[in-house]
4 protein chains.
Amino acid sequence: MINNVVLVGRMTRDAELRYTPSNQAVATFTLAVNRNFKNQSGEREADFINVVIWRQQAENLANWAKKGALIGVTGRIQTRSYDNQQGQRVYVTEVVAESFQLLESRTAREGQGGAYQSNPGNSFAGGSDFGSSYQAPAQSTPNFAREESPFGSSNPMDISDDDLPF
Amino acid sequence: MINNVVLVGRMTRDAELRYTPSNQAVATFTLAVNRNFKNQSGEREADFINVVIWRQQAENLANWAKKGALIGVTGRIQTRSYDNQQGQRVYVTEVVAESFQLLESRTAREGQGGAYQSNPGNSFAGGSDFGSSYQAPAQSTPNFAREESPFGSSNPMDISDDDLPF
Amino acid sequence: MINNVVLVGRMTRDAELRYTPSNQAVATFTLAVNRNFKNQSGEREADFINVVIWRQQAENLANWAKKGALIGVTGRIQTRSYDNQQGQRVYVTEVVAESFQLLESRTAREGQGGAYQSNPGNSFAGGSDFGSSYQAPAQSTPNFAREESPFGSSNPMDISDDDLPF
Amino acid sequence: MINNVVLVGRMTRDAELRYTPSNQAVATFTLAVNRNFKNQSGEREADFINVVIWRQQAENLANWAKKGALIGVTGRIQTRSYDNQQGQRVYVTEVVAESFQLLESRTAREGQGGAYQSNPGNSFAGGSDFGSSYQAPAQSTPNFAREESPFGSSNPMDISDDDLPF
DNA sequence: TTTT
DNA sequence: TTTT
């Protein structure tokens, strides 16, 4: 059935990149998507949407898209549930990204900063690849398992290899 | 910023139609959207996505789209939070529908009305509205307030008139 | 870059299913998508959108979705051009479908027709798979070549194997 | 029926802003949307998609989004036809934008570079609106008429007031 | 007739 | 707490 999402927003923090026991990369992050209308007090609010992305794209995103970066995302809405420490069922709704596009890196936003960038860790000197988009090779689109997303998961270790479809 | 959702799925129950103190109609319902891939056990799972719809469309939907109905929805993802009875902050992610389309009503699905149907020729009971779509008159698109969605709200009365933008 | 389309509409005719020299299936069809507003004369018009679909899905669609069928489609907009018989450049804009979903077959619309259906050619007795969706196996998403779409192509034979990416 | 488009791409030229006889603003432009895959020769191609936008947003876009600007657009696909000078029917497929978002202006792209730029600190000329999005006030969404789009129209004057719904 |  |  049709389940189609497109978002453009800014990353509220650097993505969290993790690896499943079978060594699949997963990145999670939150996108702040500003609303196109104002609230009663005349302020423009935002929706804070949790996003999961897998495999090569998880690594690409974690490498290139840092806190504050403006990115575009296409994907689908996923719901799941788990039992928390207090034994209560928790329901989660998040976006599983199928592709992302870096629209503006933080370094780009802050100005080109010159050649003598001191922090190589999050420098985005490139710019040449600016506006390009990453998309998983088609054959890598997984049949996502129930435990696919580690967001809000009480314990990352509860993603066992057996739950993973690849 | 871009925040765009399209869903096709089945209503898990009849919609809940309510009215705010200022008499605005709001309907909430859950859409079961079947996934296009199977899980590890070879089963086709579904995402259960909460949807809110306002005003005239809320009433149209509550009238025409019942439990089991196949509908299409366009809208956006909204996030909000509230404090529950135990004083814990609860985060909610849901879809605010801007338009919906009845794709298959229950009566249509069930065929021409059971055993004693006499007119097989134009058997589509309730079918006059079939395939039509409802969209709020443009001027009625509200500037949604923070409390716009009553889903999971501990108390419907916490939608006060002051929180509503229309 | 983001290029995302979702349509729900009715097939104006049966799809045309063809095979490229390298034996890739391609189906083309036109979707009539009714507008959600009326024109000046108070009539509800439609957009007639050309769609191309490839490989296994082309065959599935050609088999199951006939003239009049209500279907959902996700994909992207593609533009291309060719020179017609008069040597003029013709510009084409169409949708390349990545997945489709049968929402209502013609036989379903016309009533269930009974078990003794006489015309096996376009019978859709099933219904059990109704509302299911077909999606190409991930690895089959091709790198589409310039000549990918045969719509309005002056000569189907001008899709040579060399132009095809798979 | 559902007819939903989201695009991110670059303007191939400045938009053409025109006014109908009844003084409605209409802007037309072409978006180059780069594909996320390569063709047979290993080159990344683009789709060149014609877009129409109306009223206040037409003026905003023509003001702020110039040739080369990276913009996001949401809207729908529209088809129409007209007879050209040679009396042949011409079929047109284009996108009618409902909202747009400036993702990167040309001045931003070029960096503080400008020769005579005096304030490198907040070097983003015109950048105050960066990342913001424009959306027509809801009440201004028109019931589009058949002749709504002037693209490829042999004569702009054939958009008569009588054809316009507002 | 095309953008970076 | 889930639809076909």
Taking only side-chain nitrogens and oxygens of D:Arg10, does any of them come within less than 4.0 Å of OP1 or OP2 of E:dT2? no

Stepwise salt bridge (charged side-chain N to carboxylate O under 4.0 Å, His left out) test for A:Arg80 and B:Asp47: CA-CA 8 Å; A:Arg80 62 190 169 86; B:Asp47 295 289; over 6 Å; no

Is there a donor-acceptor contact under 3.5 Å from the side chain of D:Asp14 to the main chain of D:Lys67? yes

What's the closest nucleotide to the B:Ala32 side chain, out of E:dT2, F:dT3, F:dT2? F:dT3

Set of side chain to side chain contact (heavy atoms under 4.5 Å, CB included) partners for B:Ala62, sequence neighbours left out: B:Leu17

How long is the line joining CD of D:Glu94 and C1' of E:dT2, in whole Å? 17 Å

Closest of E:dT3, F:dT3, E:dT2 to the B:Asn34 side chain is F:dT3

Give the nucleotide from the list E:dT3, E:dT2, F:dT3 with an atom nearest to the side chain of B:Lys67. F:dT3

Using the side chain to side chain contact (heavy atoms under 4.5 Å, CB included) criterion, which residues pair with D:Asn63? Sequence neighbours excluded. none

State whether a side-chain donor-acceptor pair under 3.5 Å links D:Ser99 with D:Thr74. yes

Please report, rounded to the nearest Å, how far the C1' atom of E:dT3 is from the CD1 atom of D:Ile71. 11 Å

Could you check which of F:dT2, E:dT3, E:dT1 has an atom nearest any side-chain atom of C:Tyr91? E:dT1

If I take atom CD1 in residue C:Ile77 and atom P in nucleotide E:dT2, what distance separates them, rounded to the nearest angstrom? 19 Å

Rounded to the Å, how far apart are C:Asn3 CG and E:dT4 C1'? 17 Å

For C:Arg89 and E:dT2, give me the distance from atom CZ to atom P, rounded to whole Å. 9 Å

Can you tell me how far C1' of E:dT4 sits from NZ of D:Lys66, to the nearest Å? 19 Å

Whether B:Arg109 contacts F:dT4 is assessed here as follows: a side-chain N or O lying under 4.0 Å from the phosphate OP1 or OP2. Is that the case? yes

How close or far is atom C1' of E:dT3 from atom CG of D:Asp14, stated in whole angstroms? 12 Å

CD of D:Glu16 versus C1' of E:dT2: gap in Å, rounded? 13 Å

